[in-house]
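Below you'll find the structure, written out as structure tokens, and then a few comments.
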Amino acid sequence: MLQQTQVDRVVPKYKQFLKKYPTLKALAAARVRDVIRIWYPLGYNIRPRRLHAIARESVAQYGGTLPNDEATLRSFKGIGAYTAGAVLSFAFGRRAAILDTNVARVMYRVFVGAGDPRSHALRRHLWKLSEGLLPRRHVFDFNQGLMDFGATVCTARRPQCRPCPLAHICRTGPIDGRLAGQRKK
DNA sequence: CTCCTGTGTG
DNA sequence: CACACTGGAG
């Protein structure tokens, strides 16, 4: 649900969804049409279809739970690099890196600061940075903290550089306040 | 217009 | 590599 969709918009739907489909088995037993209907208005309607397929595949092949290795997770349609890392680190506590839009922005601003942050060439490098920072322990908290840092401090629109603990090493430099997003005249 | 805890496709 | 996919908010 969170793929390219804001948290505030997902939370209510997430609760509603889990109440109706508490387990992968319950989801697998549902009709895909109903899953798509309850999904509205989150958008990207290929996602409920794929989630439903993932639930069925998990029940049929993996005993009703998600596999806990990257290769098998990635074999599902709808689970890419980010979601695989998120499932591994958040659900299974494995030492796996993540790179969502938040982390990508943080890595780019703090360690790169130049070039197009959306280019694939750079994204490869941003993944390396995220992997390199990954601690041995407390991976769940680290990854979650990294994302929350991007979601609350190093935000896309008005980053809070003033209280930012990384401001002194940031390659991008202070861009907070009303200056953020403004064109350079 | 850009952005949002992306992914599969051509 | 670019792009479509969905819809809402700033």
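For the numbers below, each heavy atom of this structure counts, side chains included, while hydrogens, waters and symmetry mates do not. Order of the sequence lines fixes the chain letters, A, B, ..., with proteins taken first and strands second; residue numbering starts at 1 for each chain.
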Q. How does DNA chain B look in dot-bracket form if you count Watson-Crick and G-U pairs under 3.5 Å, write [ ] for pairs that cross, and put | where a base pairs with another strand?
A. ||||.|||||
Members of [range] that approach DNA chain B, where some heavy atom sits under 4.0 Å away:
range: residues 87-97 of chain A; answer: none
range: residues 144-152 of chain A; answer: A:Gln144, A:Met147
range: residues 125-142 of chain A; answer: none

Q: Spell out, yes or no, whether A:Val139 and A:Leu146 are grouped together once hydrophobic residues are joined by side-chain heavy atoms under 4.5 Å, including indirect joins.
A: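 Result: yes, single cluster for both.
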Q: List in numerical order all residues of residues 34-50 of chain A for which some heavy atom is under 4.0 Å away from an atom belonging to DNA chain C.
A: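 Close to the strand are A:Tyr40, A:Pro41, A:Leu42, A:Gly43, A:Tyr44, A:Asn45, A:Ile46.
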(Q) Quick check on contacts: within residues 1-13 of chain A, what sits under 4.0 Å from DNA chain C by heavy-atom distance? (A)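 Within residues 1-13 of chain A, the residues near DNA chain C are A:Gln6, A:Arg9.
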Q: Could I get the full list of salt bridge (Lys or Arg N to Asp or Glu O under 4.0 Å) partners for A:Arg37, not counting sequence neighbours?
A: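 A:Asp34.
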Q | Counterpart residues, ring-ring contact (aromatic ring centres under 6.0 Å, His included), relative to A:Phe92 (two or more places apart) | A |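 ring-ring contact (aromatic ring centres under 6.0 Å, His included) list for A:Phe92, sorted by chain: empty.
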Q: Please identify each residue that fulfils ring-ring contact (aromatic ring centres under 6.0 Å, His included) with A:Tyr40, with sequence neighbours left out.
A: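 Residues passing ring-ring contact (aromatic ring centres under 6.0 Å, His included) with A:Tyr40: none at all.
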Taking [X] for its side chain and [Y] for its backbone only, find out whether a donor-acceptor pair lies under 3.5 Å.
X: A:Arg74; Y: A:Ala84; value: no
X: A:Arg9; Y: A:Pro41; value: yes
X: A:Ser58; Y: A:Leu66; value: no
X: A:Asn68; Y: A:Arg94; value: no

Q.
Distance check, P atoms only: B:dT5 and C:dC1, in whole angstrom units.
A.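 Pairwise P distance, B:dT5 against C:dC1, rounds to 26 Å.
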Q | C1'-based separation of B:dG8 from C:dG8 [nearest Å] | A |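 Their C1' atoms lie roughly 23 Å apart.
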Q) Contact class for A:Arg123 (heavy atom, under 4.0 Å): base, sugar-phosphate, or nothing? A)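 If one applies the 4.0 Å heavy-atom cut-off, A:Arg123 turns out to touch a base.
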Q.
Clusters formed by hydrophobic residues whose side-chain heavy atoms approach within less than 4.5 Å: which one holds A:Val7, and what are its other members?
A.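 Besides A:Val7, the cluster holds A:Met1, A:Leu2, A:Val10, A:Val11, A:Tyr14, A:Phe17, A:Leu18, A:Tyr21, A:Leu27, A:Val35, A:Ile38, A:Trp39, A:Leu42, A:Leu51.
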Q | A:Glu70 CD: over 12 foreign heavy atoms closer than 6.0 Å | A |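 Open.
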Q. Tell me the ring pair (Phe, Tyr, Trp, His ring centres under 6.0 Å) pairs involving residues 44-67 of chain A, sequence neighbours left out?
A.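 The answer is none; no pair qualifies.
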Q: For DNA chain C, note the earliest and the latest nucleotide, 5' to 3', having some atom under 4.0 Å of a heavy atom belonging to chain A.
A: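 Using the under 4.0 Å cut-off, the span is C:dC1 to C:dG10.
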